[in-house]
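Heads up: the structure comes next, in structure tokens.
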Amino acid sequence: MKIFIDSGDLNEIRDAVAMGVVDGVTTNPSLVAKTGKPMASLIREICEIVDGPISAEVLSTDAEGILREGRELAKIHKNVVVKVPLIAEGIKAVKVFSQEGIKTNVTLCFSATQGLLAAKAGATYVSPFIGRIDDIGGNGLDLVGQLVQIYDNYDFQTQVLAASIRHPVHVIEAALLGAHVGTLPYKVILQLLQHPLTASGLETFLADAKKIPTA
Ligand code: E4P
């Protein structure tokens, strides 16, 4: 499974990249707003740090506007993936983007029917929002499994990008289900590394090392 970082924070992105575990980045308007920077300049800075797909979201909700904005975003860097909301106007734009060779991440996917149509329109990635489905008493991982199976059944090239990941169990389960990508907040990337036995084992080794004669 590829790992993307779901963040607009350049320090978080740099740190995760230094660990060698980041294949790409996803942003959304809420994450960009937190940085206080204009969208285009932030995306440009992220592209300088990460050599992989960088999702940048359009704000328009009509096909014409989505196409205009998406083409501008795509001009920023060859790695930019245009993030489009999963609405009828968005799907129309995704079809055109796919004909133009512009990569897309269709976001806010909450059902298999939505995900099927996004794939048929030629989406590069579809993002099921696991955590937000769990928040309303559903099972977001079920949707990940359904999309992986549907795309596999019909040889769609669309990749399932497991999003709205809140904790390590979401990551493990999404990987077991065959999600192509998981986009993780920085905090979850750090959580994946933590284990109390690693911490206590290292503490013991370092304490015992002090008893080793130097010569
Ligand atoms: C994905 O592309 C979204 O930016 C993100 O995963 C949303 O996560 P949230 O539900 O925790 O805001």
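Counting starts at 1 for both ligands and their atoms, following the listed order. Quick caveat, the model's predicted, so the values are computed rather than measured.
For Glu173 (side chain) and Val169 (main-chain N/O), no donor-acceptor pair under 3.5 Å exists by modelled atom type. Without hydrogens or angle criteria, Thr104 side chain to Val106 main chain gives no donor-acceptor distance under 3.5 Å.
Every residue two or more places apart in sequence or in another chain that forms a side chain to side chain contact (heavy atoms under 4.5 Å, CB included) with Arg71 is listed here: Leu67, Val96, Phe97, Glu100, Ile102. Every residue meeting the side chain to side chain contact (heavy atoms under 4.5 Å, CB included) condition with Asp6, not counting sequence neighbours, appears here in chain and number order: Thr26, Leu31, Thr183.
The shortest non-hydrogen separation linking Ser127 to Thr107 is CB-CA, 4.2 Å.
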Output a table of donor-acceptor pairs, distance under 3.5 Å, between side-chain atoms of residues 38-45 and any protein atom two or more places apart or on a different chain; print 'none' if there are none.
{"residue": "Ser41", "atom": "OG", "partner": "Pro38", "partner atom": "O", "Å": "3.2"}
{"residue": "Glu45", "atom": "OE2", "partner": "Lys37", "partner atom": "NZ", "Å": "3.0"}

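Protein neighbours of ligand 1 below 4.0 Å, counting non-hydrogen atoms: Asp6, Thr26, Asn28, Lys83, Phe129, Arg132, Ala163, Ser164, Arg166.
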